[in-house]
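Data first, discussion second: the structure below is written as structure tokens.
Below, chains carry the letters A, B, ... as their sequence lines are ordered, and counting in each starts from 1.
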Amino acid sequence: MQRLIIHVDLDSFYASLEELRNTEIRGKPVVICVFSGRSAESGAVSTANYKARELGIRAGMPISLAKRLARNKDVVFLPYDIEHYRTVSERIMDLLEDEADALQQVSIDEAYLDVTKRSIGIWENAEKIAENIKNKIRQREGLTCSIGVGSNKLIAKMASKQKKPEGLTVVRNTEVKKFLENLPVSELHGIGDKTTKTLNQLGIRTVNELASFDLHILEEKFGKNKAKLLQNKAQGIDDSPVKHEEIQQISRIGTLKEDTDNLEIVFEKIKELSIDVEKKLRKKKALFRTISIITVDTTLKTQTKSRTTHQTDDLDSALDIARSLLEEFLEENLGKKLRRVGVRVSNLIFKEDQQPLRDLEKYFGKTTKNSS
DNA sequence: CGACGTGTAAC
DNA sequence: CCTTTTACACGTCG
């Protein structure tokens, strides 16, 4: 049967939510900010609504720059309220779950839906489902979204980007070739700055150039796996399934009030961040085996240190390990000051109730190496 | 092979 | 001036 995939992308999600709960700011440029706490205006823009984008304000840019672009204009700057956004996101994901054979949430405001079965592989049916989703999200949450429909996740994702906001774009198999050709490779989902540079050096600028490029040369630059992946992407080929993915790691990172190499100050920050990690760990009913510290120095270079032990859900005792890791780091990097620090748990194990992989495990227990 | 660390990418 | 969170691939080491 023809696989049919829908990609749903909520339009300037955070900003729209703020406009919804504050009638005063509706219709104005709205900028949602992550303040780092270093100085009154330090931090980055998380989301800019379309009015704000007209002024050149973009996600990721420093707040100070956004404020310069906003000078003399009536622009609303708000701190982000992730709790609220998550609450609404969960409601929308629940709604989407009802519309799909399988749902894969990819971020707080994005999801893939496999609708192959319920649309019996018929494009028009999938398009109806997409329209239905748009209506429901508007009626129930007052939000708009952009949707793409395609034969796989890659095409669906790129289709949803085509018309924004409030778009609905269907790219049928017969249209894939036209849809992709002459597109700069950087526009392909999954191809970022580094890969674009390397491709450009090979003289590859467009998607069709990539599709017909000698695979052996790509393999030299990228390795077998990535080379194949790149050429598949260039042809609109993507067999990855829409599947609900179990979370694999939980991390929190934060910015220090000032650059420092003081163990106590940094460790305090890590303790503070770990409260959040612990909360999420409890909510997910997960144990972990690995704890890491994440450091970002004054040059913005990121480094990690981690240690793996027995499984536990006791983050407090793991913090002792985090402290040791931090000590080691500071000893190995004398004179280096830190700007940001974080903590991460990974190698997660879920307690009972989920992961009913039971049959095999019940009979054979936990599979271990049999040293033959 | 598992553990560890880095790089790339997307949001 | 420069936020946050997650995933995944890959190299290296023991």
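- Regarding contacts with the backbone of dT6(C), a side-chain N or O of S251(A) is found under 4.0 angstrom from either OP1 or OP2.
- With sequence neighbours left out, the side chain to side chain donor-acceptor pair (under 3.5 Å) criterion links N125(A) to no other residue.
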Practice prompt. Apply the test salt bridge (Lys or Arg N to Asp or Glu O under 4.0 Å) to residues R38(A) and D259(A): give CA-CA distance (whole Å), side-chain angles for both, the deciding distance (0.1 Å), then the verdict.
Written response: CA-CA 10 Å; R38(A) 290 213 135 188; D259(A) 300 341; 2.6 Å; yes
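- Scanning for side chain to side chain donor-acceptor pair (under 3.5 Å) contacts around K51(A) gives an empty result, with sequence neighbours left out.
- Among the protein residues, R289(A) comes within range of the sugar-phosphate backbone only, with heavy atoms under 4.0 Å from sugar or phosphate atoms but none that close to a base.
- Residue contacts shown for I191(A) are limited to sugar-phosphate atoms, with no base heavy atom under 4.0 Å away.
- Nucleic acid contact for S46(A): none, since no nucleic acid atom lies under 4.0 Å from a heavy atom of the residue.
- Relative to the side chain of Q248(A), the nucleotides dT3(C), dC2(C), dA7(C) differ in distance, and dA7(C) lies closest.
- Checked against dT8(B), dA7(C), dC2(C), the side chain of S42(A) finds its nearest nucleotide in dC2(C).
- Remark: P of dC1(C) and NZ of K67(A) are 15 Å apart, rounded to the nearest angstrom.
- One can place NZ of K280(A) at 11 Å from C1' of dT4(C), the figure rounded to the nearest angstrom.
- Across all strands shown, K157(A) has heavy atoms under 4.0 Å from sugar-phosphate atoms exclusively, and none from any base.
- Both K243(A) and S36(A) lie near DNA chain C, and the one whose nearest nucleotide falls closer to the 5' end is S36(A).
- Looking at heavy-atom distances under 4.0 Å, I63(A) makes no contact with the nucleic acid at all.
- Here the closest non-hydrogen pair linking L315(A) and S274(A) is CD2-O, 3.2 Å.
- When each of dT3(C), dC11(B), dT6(C) is scored by its nearest atom to the side-chain atoms of D109(A), the top-ranked nucleotide is dC11(B).
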Item to complete: Tell me, with the steps shown, if E258(A) and K337(A) meet salt bridge (Lys or Arg N to Asp or Glu O under 4.0 Å).
Response: CA-CA 9 Å; E258(A) 60 221 359; K337(A) 297 210 174 192; over 6 Å; no
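- Both R252(A) and S39(A) lie near DNA chain C, and the one whose nearest nucleotide falls closer to the 5' end is S39(A).
- Rounded to whole Å, the distance from CD on E245(A) to P on dA7(C) is 8 Å.
- Atom CD in Q105(A) sits roughly 19 Å away from atom P in dA10(B) (whole-Å rounding).
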Discussion item. Counting primed atoms plus P, OP1 and OP2 as sugar-phosphate and everything else as base, spell out the protein contacts along nucleotides 9-14 of chain C at 4.0 Å heavy-atom distance: B, S or - for each nucleotide, 5' to 3'.
Written reply: -S----
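- For dT3(C), the OP1/OP2 oxygens have a side-chain nitrogen or oxygen of R339(A) closer than 4.0 Å.
- A search for side chain to side chain donor-acceptor pair (under 3.5 Å) contacts involving R205(A) returns nothing, not counting sequence neighbours.
- OP1 or OP2 of dT4(C) has at least one side-chain nitrogen or oxygen of T255(A) nearer than 4.0 Å.
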Produce the list of close N/O pairs, under 3.5 Å, pairing protein atoms with atoms of nucleotides 4-7 of chain B; give distances to one decimal.
from, atom 1, to, atom 2, distance (Å)
dC4(B), OP1, T308(A), N, 3.4
dC4(B), OP2, T308(A), N, 2.9
dC4(B), OP2, T308(A), OG1, 2.2
dG5(B), OP2, S306(A), N, 2.5
dG5(B), OP2, S306(A), OG, 3.2
dT6(B), OP2, T304(A), N, 3.1

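- Residue contacts shown for I82(A) are absent, as no nucleic acid heavy atom lies under 4.0 Å away.
- Taking atom NZ of residue K279(A) and atom P of nucleotide dT5(C), one finds them 13 Å apart after rounding to whole Å.
- The shortest heavy-atom contact between S251(A) and R344(A) is CB-CB, 3.7 Å.
- Rounded to whole Å, the distance from NZ on K153(A) to C1' on dA9(B) is 15 Å.
- Of the candidate nucleotides dT5(C), dC11(B), dA7(C), dT5(C) has the atom nearest to the side chain of I253(A).
- Distance R68(A) CZ to dC2(C) P: 10 Å, rounded to the nearest Å.
- Other residues, nucleotides and ligands place no more than 12 heavy atoms under 6.0 Å from the CG atom of D193(A).
- In this view, K228(A) satisfies the side chain to side chain donor-acceptor pair (under 3.5 Å) rule with no residue, not counting sequence neighbours.
- Within 6.0 Å of the CG atom in D239(A), the count of heavy atoms belonging to other residues, nucleotides or ligands does not exceed 12.
- With respect to D297(A), the salt bridge (charged side-chain N to carboxylate O under 4.0 Å, His left out) criterion is satisfied by exactly one of K336(A), R339(A), R340(A): K336(A).
- Per the geometry, NE2 belonging to H244(A) stands 14 Å off C1' belonging to dT6(C), to the nearest Å.
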